[in-house]
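In what follows, a structure is listed as structure tokens, so that the remarks can point back to it.
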Amino acid sequence: FLPHLVASMEDVEVSYIMIKPDGVQRGLVGEIISRFEKKGFLLKGLKLFQCPKDLAEEHYKDLKDKSFFPKLIDYITSGPVVCMAWEGVGVVASARKLIGATNPLQAEPGTIRGDLAVQTGRNVVHGSDSPDNGQREIALWFKEGELCQWVSAQASWLRE
Ligand code: IDP
Ligand code: MG
């Protein structure tokens with residue numbers, strides 16, 4: 001229990017970050033996890049998982065009327081994904097910046113998609129787009145007991 005961290009607790013968000021099947025197949029798991037670790041966010045949950053079709057459809061339900069929706073569902077269910085819950089102040093917006101634009105050709109160099117991908121339909125990683133969706137997606141992809149409550153040994157070196 002670190003009393004100096006409690007003051008900022010109300011700012012703490014969680015983001016659901018997922019390495020998509022192309023990221024797993026291309027051997028980018030360590031590289032992608034490393035970027036969030038090095039930034040200083042807190043890993044609360046992590047698993048390799050074969051996503052069933054109904055879960056993929058629920059996760060992407062806002063896109064169900066798009067022409068690419070069936071291909072998107074095929075893509076996400078085509079092999080294992082790495083599911084992650086990351087916590088931190090401002091983690092949702094910051095993770096979106098680390099990930100880069102949806103179209104990897106428009107993503108800035110230095111971002112995950114900018115450095116590691118070339119096409120929207122194979123853009124290697126997902127990140128929640130709002131704190132509410134972060135909560136919703138983590139509840140969708142993780143079961144009770146799969147998340148860890150812990151304090152990193154680095155905590156007092158990351159925030160004053
Ligand atoms: P985001 O992942 O950057 O939040 P969204 O617009 O939420 O982007 O789209 C979700 C995912 O759907 C994208 O990451 C990408 O995999 C896929 N997608 C979005 N637009 C297209 C498209 O025009 N063609 C093919 N796939 C797309
Ligand atoms: Mg999105």
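Indexing begins at 1, ligand by ligand and atom by atom, following the structure's order.
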Once the angle between the rings of Y16 and W141 is folded into 0 to 90°, is it parallel (under 30°), tilted (30 to 60°) or perpendicular (over 60°)? parallel
If we only consider heavy atoms of [X], is any one of them less than 4.0 Å away from an atom in ligand 1?
X    : answer
R96  : yes
K20  : yes
Q119 : no

My understanding is that we take every heavy atom of each candidate and find the minimum distance to atom 8 (O) of ligand 1. Doing that for T102, D129, L63, which one comes out nearest?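 Heavy atom nearest to atom 8 (O) of ligand 1 belongs to T102.
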What residue and atom, counting heavy atoms only, is the protein's closest point to [atom], and at what distance?
atom                    : result
atom 19 (C) of ligand 1 : F68 CZ, 3.4 Å
atom 15 (C) of ligand 1 : T120 O, 3.4 Å
atom 2 (O) of ligand 1  : R113 NH2, 3.1 Å

Please examine the side chains of M18 and E137, heavy atoms only from C-beta on, and report whether any two atoms are closer than 4.5 Å. no
Greater than 12 external heavy atoms within 6.0 Å of K64's NZ: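 For K64, atom NZ is not crowded (no more than 12 foreign heavy atoms under 6.0 Å).
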Counting only heavy atoms not in E146, do more than 12 sit closer than 6.0 Å to its CD atom? yes
Can you list the atoms of ligand 1 that are under 4.0 Å from a heavy atom of N123? 13 (C), 14 (O), 15 (C), 16 (O)
Please could you name the atoms of ligand 1 that L72 approaches to less than 4.0 Å, counting only its heavy atoms?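 So the atoms of ligand 1 that pass are 12 (O), 16 (O), 17 (C).
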Evaluate the criterion side chain to side chain contact (heavy atoms under 4.5 Å, CB included) for residue pair I19 and M84; output intermediate values, then yes/no. CA-CA 8 Å; I19 305 174; M84 292 178 277; 3.7 Å; yes
Go through it in stages, so that I can follow the logic: the residues are R113 and E108, the test is side chain to side chain contact (heavy atoms under 4.5 Å, CB included), and I'd like the CA-CA distance, side-chain angles, deciding distance and then a yes or no. CA-CA 8 Å; R113 288 169 174 165; E108 294 294 328; over 6 Å; no
Salt bridge (Lys or Arg N to Asp or Glu O under 4.0 Å) between R159 and D11, intermediate numbers included: CA-CA 13 Å; R159 305 196 68 221; D11 303 331; 5.1 Å; no
